[in-house]
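Shown next, in structure tokens, is the structure this report addresses.
This structure is a prediction, so every number in the text was calculated from the model and none was measured.
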Amino acid sequence: MRSGEELDGFEGEASSTSMISGASSPYQPTTEPVSQRRGLAGLRCDPDYLRGALGCLKVAQVILALIAFICIETIMECSPCEGLYFFEFVSCSAFVVTGVLLILFSLNLHMRIPQINWNLTDLVNTGLSTFFFFIASIVLAALNHKTGAEIAAVIFGFLATAVYAVNTFLAVQKWRVSVHQQSTSDYIRARTESRDVDGRPETQRLDT
């Protein structure tokens, strides 16, 4: 018969042995965070952005740029072709860049890259797209041969110009608000740091 102390020691050795074997076992459950394991599975669409003014404008821009690009691609003959090629480049570039921004904003992927000023990026994209769509539509309207595809491309080009112009106006306002908030936070942080620095000598004199 084993005594109580011997049984307790035997059980302690068995539990420590099982802990060691369990720690070294390759079949133990993983401790990796769930956020790291799921990767892109954690993406969620932001319905509030898509229902908002900027989201609706982005969707309209992508659709209008795509339709304008399709219209210009259906033209089989051109003379001169410079205006057609320029409009094709502008509509395709606007569709791709705006589509990428729409995906980033609607899935909140831009929140994972805080190093980029996304408000300024959106402002630059909408401003350039407004300017180049306006120029390309005017050039195509001046050089077109009154075919149905060219007229349709010009119409959708001017519609895209209007939508991009409205988005540019809203993007300027949003960028100004973000700059004001950033300057205010920097000012408050600087005042707080200056107060901390000014209060340290008095504390040191009281301690002495």
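Expressed to the nearest 0.5 Å, how far NZ of Lys174 lies from CG of Asn119 amounts to 5.0 Å. Rounding to the nearest 0.5 Å gives a distance of 10.5 Å between CG of Leu64 and CG of Leu57. Note: Phe95 CZ to Ile70 CD1 = 8.0 Å, rounded to the nearest 0.5 Å. Rounded to the nearest 0.5 angstrom, Leu140 CG and Ile151 CD1 are separated by 10.0 Å. For the atom pair CZ of Phe132 and OG of Ser93, the computed distance is 9.5 Å after rounding to the nearest 0.5 Å. The distance from the CG atom of Leu109 to the CH2 atom of Trp118 is 9.0 Å, given to the nearest 0.5 Å.
Checked by atom type and distance alone, the side chain of Ser137 never pairs as donor or acceptor with a backbone atom of Phe134 at under 3.5 Å. A distance-only check finds no donor-acceptor pair linking the side chain of Thr98 to the backbone of Val62 [under 3.5 Å].
Counting all heavy atoms, side chain and backbone alike, His110 lies closest to Leu104 at ND1-O, 3.4 Å. Annotation for Gly127 and Thr168: closest pair N-OG1, 3.5 Å, computed over non-hydrogen atoms. The two atoms that bring Cys45 and Leu50 nearest to each other are SG-CD1, 3.5 Å, heavy atoms only. Taking both residues in full, the closest heavy atoms of Gly157 and Phe133 are given as O-CD2, 3.9 Å, listed atom of the first, atom of the second, then distance. For the residue pair Ile75 and Glu77, the shortest heavy atom distance occurs at CG2-O, 3.2 Å. Taking every heavy atom of both residues into account, Val172 and Leu123 meet most closely at CG2-CD1, 3.3 Å.
Annotation: side chain of Leu54 is in contact with side chain of Tyr49 (closest heavy-atom distance under 4.5 Å). A 4.5 Å side-chain heavy-atom check between Asn167 and Asp122 finds at least one atom pair inside the cut-off. In this structure, the side chains of Thr126 and Lys58 come closer than 4.5 Å at one or more pairs of heavy atoms.
In Trp175, the CH2 atom is not crowded: 12 or fewer heavy atoms of neighbouring residues, nucleotides or ligands sit closer than 6.0 Å. Shown here is Phe158, whose CZ atom has more than 12 heavy atoms of other residues, nucleotides or ligands within 6.0 Å.
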Should Val163 and Leu159 be marked as a side-chain contact (heavy atoms from CB on, under 4.5 Å) after you check the CA-CA gap, both sets of side-chain angles, and the distance that decides it? CA-CA 6 Å; Val163 175; Leu159 289 176; 5.6 Å; no
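Linking Ile, Leu, Val, Met, Phe, Trp and Tyr residues whenever their side-chain heavy atoms come within less than 4.5 Å leaves Met111 and Leu102 in two separate clusters. When hydrophobic clusters are built by joining Ile, Leu, Val, Met, Phe, Trp and Tyr residues whose side-chain heavy atoms come closer than 4.5 Å, directly or via intermediates, Phe69 is not grouped with Met76.
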